[in-house]
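For the numbers below, each heavy atom of this structure counts, side chains included, while hydrogens, waters and symmetry mates do not.
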Amino acid sequence: MLTYNLEGVDEDGVQSEEPKGGPPRAARPFVLRSLAVLGLVAVFVGVLLVRNWRSDSDETTQAAATTQGMPSSPEIESKYGVRFLGVDITSAGGMIQVRYQVLDSAKTEAIHTAEATPHVIAADGTDFNLPGMPGHSHIGPVKKAGTNDYVLLANARGALKPGAIVTIKMGDLELHDVVVD
């Protein structure tokens, strides 16, 4: 059965004027979709601001922002070719992320060995040295100088908390007084 909307149509079947009460019906879905997209973008931006989002694409800015107050070790930098940028609690408290910047890619090969992989020691002596993903060690291609990378460690039962003071141990060298973010 076919039905016709004759509202606004005169006796000759000619549309007499635009229906009153807003834009034509064809424009309404476009407007609604546009408002929905703008709403989603606003929510996304709000979440990023609340979570203090940092862009990984701007590594120089990230390194500068995270090295303020971060201790350094000329010995680690010289021997292993890396500068530590910070220690963060990630994955809802289940992992520890040890971030570093590659200074000399020829020396960073040692970071991939079991003897020199960075690990974290808490003030109470707890050693967080297990990979963050069981069965996955810190392997892969060596990053070029100036890039940032990280090591994930397991944070068993969320034992390490933000604000804790830890030591990063790499081989026989240590970096003391690191504040966990």
Side-chain angles (χ1 to χ4, degrees), residues 41 43-181:
V41 169
V43 168
F44 179 72
V45 169
V47 168
L48 291 178
L49 291 173
V50 168
R51 299 203 56 184
N52 194 17
W53 177 65
R54 288 178 272 175
S55 172
D56 288 335
S57 63
D58 189 2
E59 293 173 346
T60 306
T61 303
Q62 182 180 2
T66 58
T67 56
Q68 295 175 356
M70 177 69 184
S72 64
S73 169
E75 296 83 12
I76 290 175
E77 292 176 13
S78 174
K79 184 172 182 176
Y80 296 110
V82 298
R83 175 180 296 132
F84 290 105
L85 302 175
V87 175
D88 305 307
I89 302 300
T90 63
S91 302
M95 290 196 197
I96 302 166
Q97 181 182 43
V98 181
R99 294 178 289 113
Y100 62 91
Q101 181 178 35
V102 176
L103 302 175
D104 185 346
S105 58
K107 294 179 182 179
T108 59
E109 195 65 40
I111 206 167
H112 299 285
T113 65
E115 298 81 31
T117 298
H119 57 278
V120 175
I121 303 171
D124 67 1
T126 304
D127 193 350
F128 297 92
N129 60 2
L130 297 175
M133 297 175 66
H136 295 82
S137 59
H138 185 67
I139 58 173
V142 174
K143 303 281 185 168
K144 66 180 183 172
T147 59
N148 295 342
D149 204 356
Y150 60 90
V151 174
L152 285 177
L153 302 170
N155 188 14
R157 296 186 179 115
L160 194 61
K161 305 282 186 208
I165 307 293
V166 298
T167 297
I168 299 173
K169 183 167 175 116
M170 186 169 183
D172 58 346
L173 300 175
E174 295 180 347
L175 178 60
H176 299 279
D177 301 321
V178 177
V179 178
V180 176
D181 288 330

>> For Lys79, is there an ion pair with Asp172 - N to carboxylate O distance below 4.0 angstrom?
In response: yes

> Out of curiosity, Leu130 CG to Leu152 CG, how far, rounded to the nearest 0.5 Å?
Replying inline: 13.0 Å

>> Within the structure provided, determine whether Val87 and Asp181 are in side-chain contact (heavy-atom separation under 4.5 Å).
In response: no

> Can you tell me how far NE2 of His176 sits from NZ of Lys169, rounded to the nearest 0.5 angstrom?
Replying inline: 8.5 Å

> Is the number of heavy atoms from other residues, nucleotides or ligands under 6.0 Å of Asp177 CG greater than 12?
Replying inline: no

>> Quick check: closest heavy atoms across Ala116 and Tyr80, and the distance to 0.1 Å?
In response: CB-CE2, 3.7 Å

> Does Ser78 use its side chain to pair, donor to acceptor, with the backbone of Glu75 at less than 3.5 Å?
Replying inline: no

> Taking it one step at a time, do Thr167 and Leu175 satisfy side chain to side chain contact (heavy atoms under 4.5 Å, CB included)?
Replying inline: CA-CA 5 Å; Thr167 297; Leu175 178 60; 5.7 Å; no

>> Keeping Ser91 on the side-chain end and Gly94 on the backbone end, is there a donor-acceptor pair under 3.5 Å?
In response: no

>> Give me the atom names and distance for the closest heavy-atom approach of Gly81 to Thr108.
In response: O-CG2, 3.5 Å

> At what distance, to the nearest 0.5 angstrom, does OG1 of Thr90 lie from CG of Leu153?
Replying inline: 9.5 Å

> Of all heavy-atom pairs between Pro118 and Val98, which one has the smallest distance, and what is that distance?
Replying inline: CB-CG1, 4.5 Å

>> Using every non-hydrogen atom in the two residues, find where Ser105 and Ala145 come nearest and quote the distance to one decimal.
In response: CB-N, 4.2 Å

> Have Tyr100 and Asp149 got a donor and an acceptor in their side chains that come within less than 3.5 Å?
Replying inline: yes

> What do the steps show when you test Val82 against Glu77 for side chain to side chain contact (heavy atoms under 4.5 Å, CB included), and what is the final call?
Replying inline: CA-CA 5 Å; Val82 298; Glu77 292 176 13; over 6 Å; no

> What do the steps show when you test Phe84 against Ile76 for side chain to side chain contact (heavy atoms under 4.5 Å, CB included), and what is the final call?
Replying inline: CA-CA 9 Å; Phe84 290 105; Ile76 290 175; 3.8 Å; yes

> In Å and rounded to the nearest 0.5 Å, what is the CG to CZ distance from Asp88 to Arg99?
Replying inline: 4.0 Å

> What pair of heavy atoms forms the shortest contact from Met95 to Asn155, and how long is it?
Replying inline: N-CB, 3.9 Å

> Got Ile121 and Val166 here, is their nearest side-chain heavy-atom distance under 4.5 Å?
Replying inline: no

> Within a strict 4.5 Å, meaning less than it, do heavy atoms of the Val178 and Met70 side chains meet?
Replying inline: yes

> Between Ile89 and Ile96, does a side chain to side chain contact (heavy atoms under 4.5 Å, CB included) hold up when you go through it step by step?
Replying inline: CA-CA 5 Å; Ile89 302 300; Ile96 302 166; 4.1 Å; yes

